[in-house]
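Below is one structure, written out as structure tokens, with a few remarks after it.
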Number of protein chains: 2
Amino acid sequence: MFKWILVVVYRVVYSHSIRNISRCPCGQNLRNSSRFSTPQLKILEQPTNRIRYRYRSEKGSHGGLTGENSSQNKKTYPTVKLENYHSTAQVYIRASLYTNEERPKSHVHKLMGRHCNEEGHCTVPLSDNMIATFQNLGILFVGKKEVPDILYRRKLEETQVLHTSFISANPSLLSVREESERDAKDMNLNSVKICFEAFVYENDMSYAVSSPIFSRPVANQKSPDSGELKIVRMDKYCGPATGDEEVFLLCEKVNKKEIKIRFFETDSDGHQLWESFANFTEADVHHQVAIVFRTPPYRDQNIKSSVQVYVQLFRPRDGEYSEGRPFTYKPKEHDLDGVEKKRRKISHYNSGVEDISNNSNNGGNSGFVGNHSFTSLADSSHTTQSSRDSNNNNIGYYGHSSCSHDSTKRENCLQIKSNHLNRNYGPNRRKANLIENSITLFVN
Amino acid sequence: MFKWILVVVYRVVYSHSIRNISRCPCGQNLRNSSRFSTPQLKILEQPTNRIRYRYRSEKGSHGGLTGENSSQNKKTYPTVKLENYHSTAQVYIRASLYTNEERPKSHVHKLMGRHCNEEGHCTVPLSDNMIATFQNLGILFVGKKEVPDILYRRKLEETQVLHTSFISANPSLLSVREESERDAKDMNLNSVKICFEAFVYENDMSYAVSSPIFSRPVANQKSPDSGELKIVRMDKYCGPATGDEEVFLLCEKVNKKEIKIRFFETDSDGHQLWESFANFTEADVHHQVAIVFRTPPYRDQNIKSSVQVYVQLFRPRDGEYSEGRPFTYKPKEHDLDGVEKKRRKISHYNSGVEDISNNSNNGGNSGFVGNHSFTSLADSSHTTQSSRDSNNNNIGYYGHSSCSHDSTKRENCLQIKSNHLNRNYGPNRRKANLIENSITLFVN
DNA sequence: CAAGGGGTAACCCCCGCC
DNA sequence: GGCGGGGGTTACCCCTTG
């Protein structure tokens, strides 16, 4: 135990000697010591995977990082707990930003907020239950042009500390400059990890009491290469099983070179039965926020009744995808023709509910396609054409829906997003890939 | 005549004495002199009404101002002619930028290009036929932050020249600063006029030989408040006469607070018969480049056959509108039902040509709706589904076209833009509000 | 390279809500 | 008034094509 403390003290003094720009040296040496005796930090609540980084010039508070399970009603925040700590000395947890790499390095960006200092370190005291919550962590985006300079200065400082004797080839300042330039180019400015470290303070000195741990990555919401993928609106939610139906899709910023539109079908357990990708070119991506695509053919072009699948945006580079929107493949016209004419006399509502109940056993699935639930027409029949929810989104039927296969006008393919059920349905909300509480009517 | 030359010489010496930042003092005094004896500048070719202004940092050439009648095949450039000039001394024409105001003031932006100097003055010699053509005029965008300083310096220089005695109240430098700040805010940085002046040079002195004239305004193509309005794509080009059809429209950047969608109908002489505006809210404008709107009802909701009107974007602030796209109002379903079933047996192509010939007498109209021409199907039947022209635009049929009124799928409402006819159709090209050489098929 | 574009970085400001 | 968001502008940077 004594030996361990010595190691810790060495680390802290060393790290402070380099002008207070402390780094988490990943604590490999500590991690190897016995789990039974070593205090350990644990992340109780991870941060959300995305926040808009702010420039220094964007003064004022713009809201901090929430927890991954945060919701409109019940906000959570990044939270850590220190385990196996048995002393009575007050412990502080320090959070700071590191690169999103296998071996995280100190980032040029900084944490900012209530408990943060100029260097981007946020320190909060551990409460009695050994828990610390970070309620106000913003991420300060350090301008691209400043990056090489910052890295250069860090390198010089490190060199000084190591008395240069540690460095075999005596590097000229010029080569250090060049190295900094290269490193600056390599640094991903749109993704960071948060490093948490536990400290005790004594006589103006800080002593680490555990090895540092890193949060999951937090991406920059404003960057088109890491921002959230989101389908905002489509002009139709159905098409023929033969595919090649033209669809207008409005979305949040995407990179036209890095975006696909994925159609997929799952069974009632959420297992994927089929997938295919929509057809479009870079020229069909309109200013990053709209895509005109053609649907892929369904795996069976001779289906006799409608099949429900999902559409989602997909970014191969980082494997991200948007929530899925229900999409209905319809039988060929001539197959439908006889049926259609009979059906038309039946109440639209009745036939709609019929089809919904077919799908509602999807309600309890999980895994890849995430949590989602369907609700019966009775629950959402109060939503009317073009009604809007509090966020001014269209929650009535989504756009023009006739799929060029019959003459029943709009009512033949609606997508209704019920509003009043849109909250509090479990911890995996953020991972859900399907639009929540959506309902598709088939009125053939 | 001698007296007149004196006036001119005074003006030129005066204007040069203020450190070569010469202004056109609008030449009111000159304009009043006899038209018979005074040399006069005339604009033979106005500049286009829009160009993308370039920042100093956007180095290199990006193409200059063309003339208003310029076309892909035959480029024209701003051109002026000096009339009533009878001396043999070589005349030079100088162009420079002025504000787009009733009483134009020297602008902070500068002309740049082959014959331009650092101050933004472009000087070209008059040719033997008394004509000067400006082939390479770019507009340099001077940053917002620099504007107050520039205006401040100009004010100081003016004050010095006027020996302060001209100014009744001796203004403190502070109030000059404030005035500059105010003027800077008022200056429209996205619209300029070009001032043309004729000079002769003698012994390193320049002498104006005519009063200055100003071009029509040239707006900044990149500003969303003055850029060109353009409909890029729509998901359908027809709808029921009753209106309320949802349409997705992709466009170039618009300001959601300053944009309307106008439907209008003209008779064969181009006179307006009817207009109405589409229904949408600010929330339906998606990131400035897409609008989801609902069609207005046609003036007669009980039409028995299709009616062709036009859609265009309209910006009330400056009265600008985009080219019009043909849009077809269709009769109510039950009205059409009987007709439709009979028609379906007729060849689609035949019925298409029929309807086109109805419209083709629009070809020679002019005035408000501008020049446009229709071409028969025979001319453009080579365009195929989703084919693209050299600019990668869709020139095949535009999107999904079934208008929820019959089951004839896409073919029932096409818009084909013929490619090979897309040139050389007259001097008023830039004013045309209708999409050129477009053709609408009605296949009922 | 000229002649056009589209996209990004950095910044500025707007709302609705306590 | 300032928080918690969000959209839009400014200035800049780059890419296509001939």
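Keep in mind that this is a model prediction, so the values were computed, not measured. Note on naming: letters A, B, ... go to the chains in the order of the sequence lines (proteins, then strands), and numbering restarts at 1 for each one.
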From A:Ile261 atom CD1 to A:Ile291 atom CD1, the distance as rounded to the nearest 0.5 Å: 4.0 Å
Between D:dG7 (C1') and B:His286 (NE2): distance, integer Å: 12 Å
Residue mapping more 5' on DNA chain D - nearest nucleotide basis, A:Gln135 or B:Val285: A:Gln135
Letter per nucleotide, 5' to 3', of nucleotides 12-17 of chain D [B base touched, S only sugar-phosphate touched, - untouched; heavy atoms, 4.0 Å]: BBB---
Residue whose closest nucleotide on DNA chain C lies nearer the 5' end, A:Lys253 versus B:Asn136: B:Asn136
Partners meeting salt bridge (charged side-chain N to carboxylate O under 4.0 Å, His left out) with B:Glu282 (sequence neighbours left out): B:Lys257
Heavy-atom closest contact (A:Gln46 atom, A:Arg216 atom, distance): OE1-N, 2.9 Å
Separation of atom CD in B:Glu282 from atom C1' in D:dG6, rounded to whole Å: 14 Å
Any residue meeting ring-ring contact (aromatic ring centres under 6.0 Å, His included) with B:Phe134, in chain and number order, not counting sequence neighbours: B:Phe196
For atom NE2 of A:His287 and atom P of D:dG7, their distance in whole Å: 18 Å
Bounds of contact between DNA chain C and chain B, in 5' to 3' order, using a heavy-atom cut-off under 4.0 Å: C:dA2 to C:dG7
Sugar-phosphate, base or nothing in reach of B:Gly143, heavy atoms under 4.0 Å: sugar-phosphate
Qualifying residues under salt bridge (charged side-chain N to carboxylate O under 4.0 Å, His left out), relative to B:Arg56, sequence neighbours excluded: B:Glu146
Bracket string, DNA chain C, 5' to 3' - pairs by Watson-Crick or G-U geometry under 3.5 Å, | interstrand: |.||||||.|||||||||
Whole-Å distance separating the CG atom of B:Leu189 from the C1' atom of D:dT9: 12 Å
Separation of atom CG in A:Asn220 from atom P in D:dG6, rounded to whole Å: 13 Å
Contacts of type side chain to side chain donor-acceptor pair (under 3.5 Å), residue B:Gln135, not counting sequence neighbours: none
Residues in side chain to side chain donor-acceptor pair (under 3.5 Å) contact with B:Asp183, at least two apart in sequence or another chain: B:Lys155
Salt bridge (charged side-chain N to carboxylate O under 4.0 Å, His left out) partners for B:Lys59, two or more places apart: none
D:dG6 phosphate, OP1 or OP2, under 4.0 Å from A:Gln221 side-chain N/O: no
Integer-rounded Å distance: D:dA11 P and B:Lys145 NZ: 6 Å
A:Glu101: partners by side chain to side chain donor-acceptor pair (under 3.5 Å), with sequence neighbours left out: A:Thr99, A:Lys105
Pairwise 5' ranking along DNA chain D for A:Arg114 and B:Asn190, keeping only the more 5' one: A:Arg114
B:Lys144 NZ to D:dA11 C1', straight-line distance once rounded to whole Å: 11 Å
Which residues share a side chain to side chain donor-acceptor pair (under 3.5 Å) with B:Gln288, sequence neighbours left out: none
Those residues that, when tested against B:Tyr152, pass ring-ring contact (aromatic ring centres under 6.0 Å, His included) (two or more places apart): none
A:Leu137 to A:Cys116 - nearest heavy-atom pair and separation: CD2-SG, 4.2 Å
Separation of atom NZ in B:Lys185 from atom P in D:dT9, rounded to whole Å: 18 Å
